[in-house]
Amino acid sequence: MPPAITAEGLVKRYGDVIALDGMDLSVPEGTVLALLGPNGAGKTTTVRILTTLLKPDAGRATVAGCDVVADAARLRSRIGASGQYAAVDDHLTGAENLEMVGRLYHLGARRSRQRARELLERFDLTEAADRPAQGYSGGMRRRLDLAAALVAGPPVLFLDEPTTGLDPRARAGLWETIAGLVAGGTTVLLTTQYMEEADRLADTVAVVDRGRVIALGTADELKDQIGGDRVELTLTSAGDLHAVRQALASLAVGDVRADDAALRLTIPVSDGTAALTIALGHLAAGGIAVRDAGLRRPTLDEVFLTLTGHQAGAPAGTKEQDR
Ligand code: ATP
């Protein structure tokens, strides 16, 4: 089966700024590719080219079998897009917004209304269906925006920073929705600044820096490349440190670091959540007191620093992905 999305050597310049500098991508059908990168890396420009809103200066790309330049009109009927540039009309109700999209796709009045109702229900917006969108919360707007992208049932979806600005609960809800679409066979390309989001949703992560892909792999492969998860345990007694270090050595995928002064052990692990559970179980069984326990995951900054040798330059608030 040909890939649902391909890009070869895409170049885009804005005056002196080289937004894309040889972007290559290939996304198999029914999978999720995450473009992970800081502000200005070229993620949105890539999405705009793949959704025909912009023409590349060089290179070529196809989506759902259509060339982004030569078959632009046919391509547009096969995709849905949601994100930074997608428009929810504030003055229309949720239902009216979706019906309008249906009409734009020539679904007809009845089918548009029916499709709107289905999607409002699926996105838990039925109660708010007849209220103007301007009164919606951030999470509700995102859901409405995603619903709008699904009106025509497109086989390929583009989601530009789908959960930026959402609270953790709304974010988790949206992740579940996206995972459900993919389980149904939809191909998704999403952009994100969140390592955790790429980790949760993507089959493949393309780390983007300065307009090109600088690393490609599963989230686990990338994390392994940069050191992976760490379980951090802070004990209350120095006497326990050595014994715990030995007991948990089998969990580690590298050297366990012990900070005697801070009474802290740092254990590099491959499956962080499982390892943390095992570590805590072991400590509880041994009656060993713990002051603090947690999982440290590589942040986007750490990914960048390791892969590029320079800081990502992401704004505050996007850096800490600890959990
Ligand atoms: P963000 O997370 O901020 O959306 P991004 O990774 O999506 O970042 P792009 O928006 O694709 O990055 O921008 C890539 C580069 O192109 C940046 O240096 C940006 O300033 C520049 N750029 C994007 N759009 C324009 C434009 N319309 N005119 C001039 N420069 C632009």
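Note that ligands are numbered from 1 as they come in the structure, with each ligand's atoms numbered from 1 the same way.
By the 3.5 Å distance cut-off applied to N or O atoms, A41 is counted among the residues near ligand 1. Residue-to-ligand polar distances keep V17 apart from ligand 1: every N/O pair is separated by 3.5 Å or more. Considering backbone and side-chain N/O atoms, E161 comes within less than 3.5 Å of an N/O atom of ligand 1.
If you check each of I49, V47, T44 against atom 7 (O) of ligand 1, the one with the closest non-hydrogen atom is T44. For atom 3 (O) of ligand 1, the choice among N39, T192, D160 with the nearest heavy atom turns out to be N39. The option from G42, A19, G211 that lies nearest to atom 12 (O) of ligand 1, judged by heavy atoms, is G42.
Between P155 and R78, the closest heavy-atom pair is CD-O, 3.1 Å. T46 and M23 get closest at one heavy-atom pair: OG1-CE, 3.4 Å. Heavy atoms only, all atoms of each residue included: G37 and Q193 are closest at O-CG, 3.5 Å.
The pair E118-R115 counts as a salt bridge, with a side-chain nitrogen and a carboxylate oxygen less than 4.0 angstrom apart.
Residues satisfying the side-chain hydrogen bond (donor to acceptor under 3.5 Å, both in side chains) test with R141, not counting sequence neighbours, are D90.
No more than 12 heavy atoms of other residues, nucleotides or ligands shown are found within 6.0 angstrom of CZ on R13.
Ligand 1 lies out of reach of G37, whose nearest heavy atom is not under 4.0 Å from it. The shortest separation from a heavy atom of Q193 to ligand 1 is under 4.0 Å, placing the residue in contact. Remark: distances from the non-hydrogen atoms of P38 to ligand 1 include one below 4.0 Å.
In this structure, a donor-acceptor pair under 3.5 Å is absent between the side chains of D130 and T93.
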